[in-house]
Participant: 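Let me begin by handing over the structure; questions about it come next.
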Amino acid sequence: MGRMKRVASYLWLYVCLPILFIGFLYLFICSLDFLSSAFRLLGGEAAGEVISESDILSNPVSGVMIGVLVTVLVQSSSTSTSIVVSMVGAGILEVKIAIPIIMGANIGTSVTNTIVALGQSGDRNEFRRAFGGATVHDMFNWLTVAILLPIEWAFGYLYKLSEAILPEKLDSKEIEIELLKVLTKPFTKLIIEVDKKAITAVATKGEDEVIDVRVLKVCDDGPYNVTPCEYEHLFANTSLTDSQAGVIMLFVSLFLLCFCLFVIIKILHTVLRGKIAHFIKKFINADFPGKLSFLAGYLAILVGAGLTFLVQSSSIFTSAITPLVGVGVITLDRMYPLTLGANIGTTATAMIASLAASGSKLKPSIQVALCHLIFNITGIIIWYPIPFMRQVPISLAKSLGNTTAKYRWFALLYLILVFFLLPGIVFSLSLWSIWALVGFGLPILILFLLIVLVNILQNKRPGWLPVILRDWEFLPQWLHSLKPLDRIITKLLEIVCICCYKRDVEERVGGENSLKSSFVSV
C-alpha cells in the first residue's frame, strides 16, 4: 500500500503536474491573446485615428505619448509598431516623425506584465518580487526614452545612423512568420478573430477619406450575399458592436488570465520544493565560473531575444516569466537581462512588416523598423554593461516592489498614473503648446531630479548634506510618506465593505421574511 502511494505521488508530481502546467500555460498565453483582441475591439479604431493625425505627431513629445497610449490600447507593441511601419510605407508618415512613436510603443508594451503582477498581490513577498520584476521593464524603457529622445530631437541620432546602415537600393518580398501562433491560433480563432489590418486601414486613410471598418471579423448576412461565411468563431454571426464584444472579451480574458495565473502559481509552489527548487534556482540564476561570470547576463539577453522572437511578443514572454519572479525562481537581477532581450526580440515583427513595402517606400519602412532595433540596442549599451548604470533601473524597480508590498493599492495607482494619466496630461499640454509643456514640465522635472539626488546622498553620503536635508522629517507627512493617503483609502474601503455587508444582511433578512410570510399565507 505504501509503495502504491509513493508511485501515485511520483506520477502526480512528475507526470500530471507538468502536463497541467503546460496546459494552463497554454491557456494563459491564449488569455493574453484574448486580452489583446479585447483592447483592439475597444480602442483599436480610435488608436488608428490618433496615429493618422500627422499634424499632432510633428511634436516629438506628443509622438512618444501617442505611442504609449496606442500600445496600451492595442496591448501589443508589435501591432502599434507594425501600424507605424505601414504608415511610413504608405507615405503618410516620415521616418523622423515615426521614431518618437516607436519609443512610446516600447514603454506601452510593459503594461501587460504589470497587470499580470497584480495576480500575486495575495502574498506580500511574492507581490514584492513580481511587481519589481514587472516594473524593471518600465524603468528601463522610461530611462532610455528620457536620454535618447532629446538626443534624437537635437541631433537625429537614430535617423542618421539607420540611414547610414541601409544601402541605397532594396528589394523584398512580403513574408509572414508565425511560430507560437501556429499552436495557439487553432484555439483562439474558435473564440474570436479580429482584423488587425482594419486598424492599419484607419491609420493609413487619406485626410478627407471616410471608411467604415469593423475590427471584429463577422459574417456578411446581407440580403444579396450568397457566399458562405468563412469565420467560425463565437462572434461570427453576432449583432454586437465592436465595443460590446470587446467588453465581453475583456471580462472573459481577465478572468481566464487570473484563473490560469492562480493555478500556475499553485503548481509552481507544489513542484518547486526542496532539492528541485534549489537546483532550478541555481541553474537559472547561475553565473559562469571565474572571470567569465559577467557573460551570464549577456547569455540571458540572447535567450530573452530568442524566446521573444519565438512567441512573437515581448508582452507574452515577460508576462509568462513574471510569476516565476514572484515565486522566487528567477531573481530580479536575472529578470532584467531577460527583459532587455525581449526588447530586442520584439523588433523582429516590425522588421518583417517593413518588408511588405515596395519601390521607393521600402527603404523608409525598413529604416523605421531598424530605428526600433537601434533604440533598444543603444538602451542596453547605456543601462547594462556598466554595473553602476545597471543598478539604476533595478534599484528603482526594487523600490516600487517594496512600496507595493507595503501599500498594495499603490500598484493600481502606479498603473493608472504611468500608463494613462501621465501620457494623457503630457500629450494634452503638448497639443496646447510646446512652450506650455516646457513651462509646466521643466520645473517638475528639475524638482524630481533634485529629490532623486538628495535621496541618493541621504543613503550614500549623508555627511555631504546639511543637517536639515539628511531626512525628510521637516516636511509635512503627506509630502514624504504614503501613510496619510493609506489611511484615507483604508477608511474608504472599510466604509464600502460595511455598506456591502449591511446590504447583504438586509437582503438576506428580507428574503427570510418573505419566505415566512409565504408559509403563513399557505
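In this text, all values refer to a predicted model and were calculated from it rather than measured experimentally.
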Participant: With F251, which residues qualify under side chain to side chain contact (heavy atoms under 4.5 Å, CB included), at least two apart?
Facilitator: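 Side chain to side chain contact (heavy atoms under 4.5 Å, CB included) check on F251 returns V247.
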Participant: Measuring from atom CZ of R128 to atom OG of S121, what distance do you get when rounded to the nearest 0.5 angstrom?
Facilitator: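 If we round to the nearest 0.5 Å, R128:CZ and S121:OG are 13.5 Å apart.
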Participant: Give the ring-plane orientation class for Y384 versus Y336, where under 30° counts as parallel, over 60° as perpendicular and anything between as tilted.
Facilitator: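 Geometry flag for Y336 against Y384: tilted rings.
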Participant: If I take atom CG from residue L338 and atom CG from residue L299, how far apart are they, to the nearest 0.5 angstrom?
Facilitator: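 Going from CG on L338 over to CG on L299, the span is 9.5 Å.
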Participant: Examine the side chains of Y414 and T114 and answer whether a donor and an acceptor come within less than 3.5 Å of each other.
Facilitator: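 No - no donor-acceptor pair under 3.5 Å links their side chains.
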Participant: Do S315 and T109 pair up side chain to side chain, a donor and an acceptor below 3.5 Å, judged on atom types alone?
Facilitator: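 Yes, because at least one side-chain N or O of S315 sits under 3.5 Å from a partner of the opposite role on T109.
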Participant: Given side-chain contact (heavy atoms from CB on, under 4.5 Å), test K406 with N402 step by step and report yes or no.
Facilitator: CA-CA 6 Å; K406 192 173 181 181; N402 291 332; over 6 Å; no
Participant: Using 0.5 Å steps for rounding, measure from the SG atom of C30 to the CZ atom of F24.
Facilitator: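 Between atom SG of C30 and atom CZ of F24 there are 12.5 Å.
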Participant: Look up atom CG in L412 and atom CG in L118, then write down how far apart they are to the nearest 0.5 Å.
Facilitator: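 So the gap between those two atoms works out to 5.5 Å.
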Participant: What distance do L415 atom CG and D138 atom CG have between them, rounded to the nearest 0.5 Å?
Facilitator: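 The CG atom of D138 is 9.0 Å from CG of L415, to the nearest 0.5 Å.
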Participant: Does S319 have any side chain to side chain contact (heavy atoms under 4.5 Å, CB included) partners at least two apart in sequence or in another chain, and if so, which?
Facilitator: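 Residues passing side chain to side chain contact (heavy atoms under 4.5 Å, CB included) with S319: F28, L32, T112, N113, V116.
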Participant: Give me the atom names and distance for the closest heavy-atom approach of R334 to A300.
Facilitator: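 Minimum heavy-atom separation between R334 and A300: CD-CB, 3.8 Å.
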Participant: List the atom of T144, the atom of G379, and the distance in Å for their closest heavy-atom pair.
Facilitator: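 Reported closest heavy-atom pair: CG2-CA, 3.6 Å.
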Participant: Rounded to the nearest 0.5 Å, how far does CG of L158 lie from CG of L149?
Facilitator: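 Atom-to-atom, L149:CG and L158:CG are 10.0 Å apart.
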Participant: Check whether any side-chain heavy atom of R124 lies under 4.5 Å from a side-chain heavy atom of R408, and answer yes or no.
Facilitator: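 Heavy-atom side-chain distance check passes, below 4.5 Å.
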Participant: Determine whether more than 12 heavy atoms belonging to other residues, nucleotides or ligands lie under 6.0 Å from atom CD1 of I147.
Facilitator: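 Result for CD1/I147: enclosed.
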Participant: Looking only at non-hydrogen atoms, find the nearest pair between M335 and I330 and report the distance.
Facilitator: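 Reported closest heavy-atom pair: N-CG2, 3.8 Å.
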Participant: Considering non-hydrogen atoms only, spot the tightest contact between M249 and I192 and give its length.
Facilitator: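 Minimum heavy-atom contact is CG-CD1, 3.4 Å.
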Participant: Only pairs under 3.5 Å count here: list side-chain donor-acceptor contacts from residues 366-374, not counting sequence neighbours, and write none if there are none.
Facilitator:
unit_1: Q367; atom_1: NE2; unit_2: Y159; atom_2: O; d: 3.1
unit_1: Q367; atom_1: NE2; unit_2: S162; atom_2: OG; d: 3.3
unit_1: H372; atom_1: NE2; unit_2: N106; atom_2: OD1; d: 2.9

Participant: Report the residue from L340, T347, I102 that forms a side chain to side chain contact (heavy atoms under 4.5 Å, CB included) with N376.
Facilitator: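 Of the listed options, the one satisfying the test is T347.
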